[in-house]
Amino acid sequence: MLGEVPGAGHRDLLAWPHWVLKNLYGPVGVMFGKFYAGEVEVTDAGHRIPAAPASFLPVRAAVRRRDPRFLSATPDLATALAGADDDGRDVFAHLPTQRKDIRTWARIHFPPRKPSPSSPDTPATPPRSSS
């Protein structure tokens with residue numbers, strides 16, 4: 001993701017797509033991460049990860065023994081990932097196809113609210129559509 005959207009940061013713009021991808025693909029053993037332009041990350045071992053030049057959602061195969069710890073705030077997802085099985089299913093098969101139904105589905109599949117690191121009292125929520 002490049003550029004700016006007035007009134008929204010990359011963290012907020014990527015929150016909902018990241019949440020949906022984790023929920024759709026976790027049960028088949030695929031992990032999605034998120035990195036934001038300019039933010040420095042630190043590994044569990046304390047090593048500095050260089051700042052990303054752009055915000056992006058990386059994708060990789062899950063490491064079932066290790067990755068559920070990344071999902072400690074969402075135990076259902078951690079459990080789904082721990083028992084992941086790439087059985088060939090179409091992860092989109094159960095999703096609606098009509099615009100109105102997609103909007104309804106999207107509204108009920110927002111990630112849990114949690115404080116944004118830039119403002120601890122402000123929940124990081126994706127923008128909601130107006131219709």
Side-chain angles (χ1 to χ4, degrees):
M1 175 180 285
L2 300 171
E4 299 299 323
V5 175
H10 287 194
R11 181 175 299 278
D12 292 332
L13 293 170
L14 291 177
W16 186 74
H18 179 252
W19 174 252
V20 169
L21 290 168
K22 285 191 333 183
N23 279 278
L24 290 174
Y25 285 95
V28 296
V30 177
M31 282 286 287
F32 287 85
K34 57 187 180 292
F35 291 93
Y36 308 106
E39 288 191 19
V40 175
E41 301 278 334
V42 178
T43 68
D44 288 343
H47 300 280
R48 186 173 183 253
I49 299 171
S55 298
F56 66 100
L57 299 174
V59 59
R60 65 173 171 79
V63 179
R64 292 189 314 180
R65 290 183 312 261
R66 185 186 73 200
D67 286 341
R69 72 179 179 184
F70 291 119
L71 304 172
S72 61
T74 52
D76 291 343
L77 277 174
T79 300
L81 185 65
D85 179 29
D86 186 1
D87 55 12
R89 76 183 94 163
D90 177 356
V91 298
F92 294 100
H94 70 283
L95 298 180
T97 57
Q98 298 301 311
R99 186 170 193 262
K100 180 181 174 187
D101 297 332
I102 292 170
R103 288 164 110 27
T104 300
W105 180 89
R107 283 188 191 106
I108 62 172
H109 286 87
F110 281 110
R113 291 177 180 254
K114 64 181 180 180
S116 171
S118 59
S119 177
D121 297 329
T122 306
T125 56
R128 294 183 188 260
S129 60
S130 59
S131 52

Query raised in the report: So how far is it from Leu57 CG to His18 NE2, rounded to the nearest 0.5 Å?
Result: 6.5 Å
Query raised in the report: Would you say Val28 and Val59 are hydrophobically clustered, going by side-chain heavy atoms of ILVMFWY under 4.5 Å?
Result: yes
Query raised in the report: Could you give the distance from CG (Asn23) to CG (Leu81), rounded to the nearest 0.5 Å?
Result: 11.0 Å
Requested in this report: Taking the side chain as every heavy atom from C-beta outward, state whether His47 and Val42 have any pair of such atoms under 4.5 Å apart.
Outcome: no
Report task. Apply side chain to side chain contact (heavy atoms under 4.5 Å, CB included) to Trp16 and Val20, showing your working. Result -> CA-CA 6 Å; Trp16 186 74; Val20 169; 3.3 Å; yes
Please report, to 0.1 Å, the donor-acceptor pairs under 3.5 Å made by any side chain of residues 2-10, with sequence neighbours excluded.
residue: His10; atom: ND1; partner: Ser55; partner atom: OG; Å: 2.5
residue: His10; atom: NE2; partner: Gly3; partner atom: O; Å: 2.7

Query - Heavy-atom closest pair, residues Gly26 and Ala84 - result: O-CB, 3.5 Å
Query raised in the report: For Tyr36, what residues pass the ring-ring contact (aromatic ring centres under 6.0 Å, His included) criterion, not counting sequence neighbours?
Result: none
Query raised in the report: Is there side-chain contact between Val30 and Val91, with heavy atoms separated by less than 4.5 Å?
Result: no
Report task. Report the distance from atom CG of Asp76 to atom CG of Leu71, rounding to the nearest 0.5 Å. Result -> 10.5 Å
Query raised in the report: Under 4.0 Å between a Lys/Arg side-chain N and an Asp/Glu carboxylate O for Arg11 and Glu39?
Result: yes
Query raised in the report: Apart from Phe35 itself, what residues make up its hydrophobic cluster when side-chain heavy atoms of I, L, V, M, F, W and Y under 4.5 Å apart count as a link, directly or indirectly?
Result: Phe56
Query raised in the report: Can Leu21 be reached from Met1 by stepping across I, L, V, M, F, W or Y side chains whose heavy atoms are under 4.5 Å apart?
Result: yes
Query raised in the report: Would a 4.5 Å heavy-atom cut-off, applied to side chains only, mark Ile49 and Val40 as touching?
Result: no
Report task. Kindly compute the distance separating CZ (Phe32) from CH2 (Trp19), expressed to the nearest 0.5 Å. Result -> 14.0 Å
